[in-house]
Every structure is written in structure tokens, then in C-alpha cells.
Amino acid sequence: MILQFTTPVQGGLRQERKLDMIANHLANVDTSGFKTDMVTFDQLLRSEMGIDFSPGPLKSTGNPLDLALEADGFFKVRTARGERYTRNGNFTLNAENFLVNANGSPVMGEGGEITIEGRDIQINREGEITVDGVLVDKLAVVTFESPRGMTKDGDSLFVGPTDSPEISVETPGVQQGALEGSNVQAVMEMTRMVETMRTYEALQKMIQAYDETDGRIISEVGKD
């Protein structure tokens, strides 16, 4: 009887993981550049987590330092943990006039960290940054041959794959004054949550039924 518990218990654990993932998706429905996770199962039904890099909707903000990408690729930022990659172009200038992300990490250009001093900031679709009519740098926008090897570092930062070098995106389609929204589809996530909870409840009832049957067998054997 103990072996019969294995299937519903493993199934319940998988549903718990799916519920955690869905809850995280719903919590980040408004996080710029957030990408949803995907759970897949191998031949031994072990769960593996992947990332859905499908684009989110572009939202106009009018802020000249808010940037979005129309093409595949990622902005590159330098953090204390190393290089990271993001589709969240919610950038600003720090006290030293370096272009930084919301966490204060420098945004990288082809010339390194980007300094902007001036008033009229124009960034074209190729990512070239012009300040008061002078070209100062070009945004480093990169992708990877195998982006599936990327992993998350927080809600909108990614770690590059170890076995795939950076590839520069020549025409990233930079949109100035816009942000890419989360690719979470709230209605779909709510539907998945309901389905997952129903499956979880069914597995709980199965475990309960096995437990009751087990109890009756033990009780009857004890009478003999």
C-alpha cells in the first residue's frame, strides 16, 4: 500500500511547484521585462524549469531614459555579481551621470559604462546615444546562440549561459520613451491556478482514500 502513495504524493509536489510558479507570475504581472517560467518534465517525470522569452507589450512612458527593445536581445548591465542581462530598460542617471538600472547597476555601452552629461538625449533604433548633438556611445545589446541556458537572477535580470558567447545585436530596434511590460497573461495564469488547485485537491483525496483503506486493512488484520 505504501507504494501506492508514491504517485499521488509526487503529483501533489509537482502541483505545489506549479502553484508557486503561478503565484510568482501573478506577483510580477506589472514588472517591466519580467519573463514567465515554464515547467517541463523529463522521461523520469522530474521537473525542470525553463524561461519563456516571448516579448511583453511595449508601453509608452515619455521618459527619454526608458528604453525597450523590439528585436531579440538584452541590455547588458554590470552588477557586483558579474555581467547580467535584462529586457527591463527602466534606466536613469546616478549622481555621477552614469546610466544605471533601477538597482543602480551601470548599463553597458560598446565603450564600457555610459556617461551622459547634457540635456538633449536622443537614442536611435540602433542604440546610438547622442547628447546635445554629439554621439557619446552605443548601447551594448546582445543575445546568445542558446538563450535556453540563461537563468534568472531576480525578477528581470538574467545570467548568461556558460557555454554560449555573447552575440551583438546590430539592429535591436531600441524604442526611446517606452518600456517592455511583463509577458505574464493574467487571465491565463488565473485559469491555470484554478486547474492546478483542482488537480491538487483530487490528489489529496486519493491520498486520503489510500490512507483510509490502509487503516481498515490494519484494523481487520488486528481482529484476526
A.B. asks: For M150 versus P161, what's the shortest heavy-atom pair and its separation?
C.D. replies: CG-CD, 3.5 Å
A.B. asks: Do I22 and T196 have side-chain heavy atoms sitting under 4.5 Å apart?
C.D. replies: yes
A.B. asks: Would you say D72 has more than 12 foreign heavy atoms packed within less than 6.0 Å of its CG?
C.D. replies: no
A.B. asks: Any chance you could measure T61, atom OG1, to D66, atom CG, to the nearest 0.5 Å?
C.D. replies: 3.5 Å
A.B. asks: Between V169 and V107, is there a shared hydrophobic cluster once you connect ILVMFWY residues whose side-chain heavy atoms come closer than 4.5 Å?
C.D. replies: yes
A.B. asks: Within the distance-only criterion (no hydrogens, no angle test), does the side chain of Q15 pair as donor or acceptor with the backbone N or O of L203 below 3.5 angstrom?
C.D. replies: no
A.B. asks: Of N97, I123, D137, L93, which meets side chain to side chain contact (heavy atoms under 4.5 Å, CB included) against I116?
C.D. replies: L93
A.B. asks: Please determine whether residues L13 and I207 belong to a single hydrophobic cluster, defined as Ile, Leu, Val, Met, Phe, Trp and Tyr linked transitively by side-chain heavy-atom distances below 4.5 Å.
C.D. replies: yes
A.B. asks: Is the shortest heavy-atom distance from the side chain of D37 to the side chain of H25 under 4.5 Å?
C.D. replies: yes
A.B. asks: Check whether any side-chain heavy atom of L157 lies under 4.5 Å from a side-chain heavy atom of Y85, and answer yes or no.
C.D. replies: no
A.B. asks: May I ask you to test the V142-M108 pair for a side-chain heavy-atom distance under 4.5 Å?
C.D. replies: no
A.B. asks: To the nearest 0.5 Å, how far apart are CE in M193 and CG in L26?
C.D. replies: 5.0 Å
A.B. asks: Any side-chain donor paired with an acceptor under 3.5 Å for S54 and D52?
C.D. replies: yes
A.B. asks: Using a 4.5 Å cut-off on heavy atoms from C-beta on, say whether the side chain of K152 contacts that of I51.
C.D. replies: yes
A.B. asks: Could you verify whether a donor N or O on one side chain and an acceptor N or O on the other, from N24 and D20, lie under 3.5 Å apart?
C.D. replies: no
A.B. asks: Counting only heavy atoms not in R148, do more than 12 fall under 6.0 Å of its CZ?
C.D. replies: no
A.B. asks: Shortest non-hydrogen contact from T79 to S105?
C.D. replies: CG2-OG, 3.6 Å
A.B. asks: Looking at CG of L65 and CD1 of I121, how far apart are the two atoms once the value is rounded to the nearest 0.5 Å?
C.D. replies: 4.5 Å
A.B. asks: Side chains of Q176 and P64, heavy atoms from C-beta outward: is any pair under 4.5 Å?
C.D. replies: yes
A.B. asks: Side chains of M197 and L19: does their closest heavy-atom pair fall under 4.5 Å?
C.D. replies: yes
A.B. asks: So, R192 and E189, do they make that salt bridge, N to O below 4.0 Å?
C.D. replies: yes
A.B. asks: List the atom of S156, the atom of S32, and the distance in Å for their closest heavy-atom pair.
C.D. replies: CB-O, 3.6 Å
A.B. asks: Taking V136 as the starting point, is it possible to reach V100 by hopping between hydrophobic residues whose side chains are less than 4.5 Å apart?
C.D. replies: no
A.B. asks: Taking it one step at a time, do E166 and S168 satisfy side chain to side chain contact (heavy atoms under 4.5 Å, CB included)?
C.D. replies: CA-CA 6 Å; E166 294 178 356; S168 294; over 6 Å; no
A.B. asks: For the residue pair Y200 and K18, establish whether any side-chain heavy-atom pair is separated by less than 4.5 Å.
C.D. replies: no
A.B. asks: So that I know where these two stand, are F74 and F53 an aromatic pair - ring centroids less than 6.0 Å apart?
C.D. replies: yes
A.B. asks: So with a 6.0 Å cut-off around CD of E145, is the heavy-atom count from everything else above 12?
C.D. replies: no
A.B. asks: Going by an N to O cut-off under 4.0 Å, is there a salt bridge joining K35 and E180?
C.D. replies: yes
A.B. asks: How far apart are the closest heavy atoms of T31 and N28, and which atoms are they?
C.D. replies: OG1-OD1, 2.9 Å
A.B. asks: Can you tell me how far apart CD (E70) and CD (Q175) are? Round to the nearest 0.5 Å.
C.D. replies: 4.0 Å
A.B. asks: Do the two ring centres, one from F158 and one from F144, sit under 6.0 Å apart?
C.D. replies: no
A.B. asks: So with a 6.0 Å cut-off around CD of E83, is the heavy-atom count from everything else above 12?
C.D. replies: yes
A.B. asks: Of all residues at least two apart in sequence or in a different chain, which pass the ring-ring contact (aromatic ring centres under 6.0 Å, His included) check with F34?
C.D. replies: none
A.B. asks: Looking at V141, L139, L58, which one forms a side chain to side chain contact (heavy atoms under 4.5 Å, CB included) with L69?
C.D. replies: V141
A.B. asks: Check whether any side-chain N or O of S182 sits under 3.5 Å from a backbone N or O of V184 as a donor-acceptor pair, and report yes or no.
C.D. replies: yes
A.B. asks: Do NZ/NE/NH1/NH2 and the carboxylate oxygens of E113 and R78 come within less than 4.0 Å?
C.D. replies: yes
A.B. asks: Answer with yes or no whether the side chains of Q122 and N124 bring together a donor and an acceptor at under 3.5 Å.
C.D. replies: no
A.B. asks: Measuring from K76:NZ to T86:OG1, what's the distance to the nearest 0.5 Å?
C.D. replies: 14.0 Å
A.B. asks: Distance check, rounded to the nearest 0.5 Å: M190 atom CE versus Q185 atom CD?
C.D. replies: 14.5 Å
A.B. asks: Got a donor-acceptor contact below 3.5 angstrom from the R87 side chain to the G73 backbone?
C.D. replies: yes
A.B. asks: Could you give me the CA-CA distance, side-chain angles and deciding distance for R119 and D132, then say whether salt bridge (charged side-chain N to carboxylate O under 4.0 Å, His left out) is met?
C.D. replies: CA-CA 7 Å; R119 302 185 64 178; D132 295 335; over 6 Å; no
A.B. asks: What heavy-atom pair brings T36 and N183 nearest, and what distance separates the two atoms?
C.D. replies: N-OD1, 3.0 Å
A.B. asks: Membership question, hydrophobic clusters at under 4.5 Å side-chain separation (ILVMFWY): are L179 and F91 in the same one?
C.D. replies: no
A.B. asks: Determine whether more than 12 heavy atoms belonging to other residues, nucleotides or ligands lie under 6.0 Å from atom CE of M38.
C.D. replies: yes
